Amino acid sequence: MKQPNPMNTETSQPGTTYNGEMDQGNHQGGGVSAAVLKQLKSRTQQTPLEAGEGESRKRCKCKKSKCLQLKCECFAAGVYCSTEPPCSCLYCHNIPIHNDTIWASRENIESRDPLAFTPKIIGRSSDSVQETREGDASKTPASGRHRRGCNCKKSNCSKKYCECFQGDAGCSIKCRCEDYYKDLAF
DNA sequence: GAGTTTGAAACT
DNA sequence: CAGTTTCAAACTC
Ligand SMILES: [Zn+2]
Ligand SMILES: [Zn+2]
Ligand SMILES: [Zn+2]
Ligand SMILES: [Zn+2]
Ligand SMILES: [Zn+2]
């Protein structure tokens with residue numbers, strides 16, 4: 001018996017992030033489009049950071065995706081695969097030297113689904129200059145809602161197989177799981 | 001660690 | 001859009 005409580009620290013992004021989502025180069029027609037493009041490209045080459053590396057860091061075990069698909073949690077989180085301790089991935093391309101490949105894949109995925117890299121759980125009462133009504137700060141019944149909803153068939157949305165459950169979000173109208181209690185709140 | 005279950009992501 | 005396949009995490013042992 002080991003790992004009594006493997007999970008902890010949910011809301012954190014340990015690991016070496018890429019360079020974040022910067023605005024795409026919208027300025028076309030300029031005389032220095034090539035230079036701008038090159039600059040953007042160099043920007044995509046994220047410098048190797050070391051922050052965030054830690055034992056608590058999630059590590060993947062991809063073997064066929066080269067860690068270039070959303071199936072790789074490291075890639076999906078926008079962080080390089082860990083080197084210390086290392087991910088157990090095989091043929092990993094989610095490393096700084098393959099930054100161009102990483103971003104090519106990101107663009108491809110984003111074109112397929114513009115929301116692919118947006119947070120899966122939205123509506124969380126935090127951040128944003130939201131009204132801070134004193135009183136309901138003691139409870140947090142509904143954290144957020146899954147962006148796309150789940151499609152669970154067997155887990156009853158009560159295991160981490162369900163992304164709603166994993167994200168501590170109640171199922172919503174968007175979910176296509178077996179008619180289960182779906183919180184009515186957008 | 002190996003093997004099974006599960007459902008998102010990818011593909012057609 | 002729906003059906004199928006792929007695949008890695010969650011889970012079980
Ligand atoms: Zn991976
Ligand atoms: Zn990884
Ligand atoms: Zn990797
Ligand atoms: Zn579910
Ligand atoms: Zn759900």
Side-chain angles (χ1 to χ4, degrees), chain A residues 1-18 20-21 24 44 46 52-124 142-183 185-186:
Chain A
M1 43 302 244
K2 267 132 199 183
Q3 40 192 143
N5 192 354
M7 62 269 206
N8 227 347
T9 69
E10 286 289 338
T11 52
S12 69
Q13 311 171 273
T16 306
T17 58
Y18 303 146
E21 323 270 333
Q24 306 284 344
T44 60
Q46 170 56 17
E53 304 283 326
E55 205 64 37
S56 62
R57 217 259 225 199
K58 278 186 282 186
R59 282 160 284 153
C60 71
K61 294 172 283 192
C62 308
K63 297 192 172 8
K64 300 192 145 183
S65 71
K66 295 174 183 170
C67 301
L68 289 175
Q69 300 184 349
L70 290 174
K71 293 177 178 184
C72 172
E73 290 194 330
C74 302
F75 177 87
V79 300
Y80 294 118
C81 278
S82 181
T83 53
E84 184 206 279
C87 288
S88 303
C89 41
L90 208 55
Y91 314 126
C92 181
H93 281 48
N94 188 27
I95 53 180
I97 60 170
H98 287 310
N99 230 332
D100 54 344
T101 309
I102 291 168
W103 281 86
S105 184
R106 283 180 65 97
E107 287 178 21
N108 183 37
I109 292 167
E110 220 170 19
S111 70
R112 202 187 306 144
D113 176 11
L115 303 176
F117 292 97
T118 65
K120 289 185 176 179
I121 306 298
I122 58 179
R124 276 199 175 175
S143 301
R145 297 291 178 227
H146 196 271
R147 180 191 358 114
R148 295 187 52 196
C150 68
N151 192 30
C152 302
K153 298 294 185 227
K154 299 181 172 181
S155 71
N156 210 28
C157 303
S158 57
K159 295 180 180 175
K160 283 194 173 181
Y161 292 126
C162 173
E163 293 194 344
C164 296
F165 181 87
Q166 183 167 42
D168 194 30
C171 283
S172 71
I173 194 76
K174 296 176 183 173
C175 299
R176 287 179 282 169
C177 45
E178 288 296 321
D179 71 19
Y180 220 65
Y181 178 71
K182 300 179 167 75
D183 254 357
F186 188 164

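Letters go in sequence order (proteins before strands), and every chain restarts at 1. Only a predicted model underlies this, so the values are computations on that prediction, with no experimental measurement involved.
- Taking atom CG of residue A/Asn156 and atom P of nucleotide B/dG7, one finds them 10 Å apart after rounding to whole Å.
- Regarding contacts with the backbone of B/dA10, every side-chain N or O of A/Lys64 stays at 4.0 angstrom or more from both OP1 and OP2.
- Within the structure, a side-chain polar atom (N or O) of A/Lys154 is placed less than 4.0 Å from OP1 or OP2 of B/dT6.
- Taking atom CG of residue A/Leu70 and atom C1' of nucleotide C/dA9, one finds them 14 Å apart after rounding to whole Å.
- Per the geometry, CD belonging to A/Glu163 stands 15 Å off P belonging to C/dA8, to the nearest Å.
- Summarising the geometry, the separation between CG on A/Asn151 and P on C/dG3 is reported as 11 Å, rounded to the nearest angstrom.
- Between A/Arg147 atom CZ and B/dA8 atom P the separation is 12 Å, expressed in whole Å.
- A/Cys162 has its side chain within reach of A/Ser155: a pair of non-hydrogen atoms, C-beta onward, lies under 4.5 Å apart.
- Two residues, A/Ser158 and A/Cys62, neighbour DNA chain C, and the one matched to the more 5' nucleotide by heavy-atom proximity is A/Cys62.
- With distances taken from any side-chain atom of A/Gln69 to the nucleotides B/dG7, C/dA9, B/dC11, the minimum falls on B/dC11.
- Side chain of A/Cys152, nearest nucleotide from B/dA10, B/dA8, C/dA8: B/dA8.
- The residue A/Lys66 sits apart from the nucleic acid: no heavy atom pair falls under 4.0 Å.
- The side-chain heavy atoms of A/Cys74 and A/Ser82, taken from C-beta on, include no pair separated by under 4.5 Å.
- Spacing between atom CD of A/Gln166 and atom P of B/dA9 amounts to 11 Å, rounded to whole angstrom units.
- Residue A/Arg112 places at least one side-chain N or O under 4.0 Å from the OP1 or OP2 atom of B/dC11.
- Side-chain atoms of A/Lys71 come within donor-acceptor range of the base of C/dT6, with a qualifying N/O pair under 3.5 Å.
- Closest non-hydrogen pair, A/Glu53 versus A/Glu84, comes out as OE1-O, 3.5 Å.
- The distance from atom OH of A/Tyr91 to atom P of C/dC7 is 13 Å, rounded to the nearest whole Å.
- A donor and an acceptor atom, one from each side chain of A/Ser105 and A/Gln69, are nowhere located under 3.5 Å apart.
- One finds a side-chain N or O of A/Arg148 lying less than 4.0 angstrom from the OP1 or OP2 phosphate oxygen of B/dA9.
- For A/Phe75 and C/dA9, the CZ to P distance is 14 Å, given to the nearest whole Å.
- Checked by atom type and distance alone, the side chain of A/Asn94 pairs as donor or acceptor with a backbone atom of A/Val79 at under 3.5 Å.
- OP1 or OP2 of C/dA8 has at least one side-chain nitrogen or oxygen of A/Ser65 nearer than 4.0 Å.
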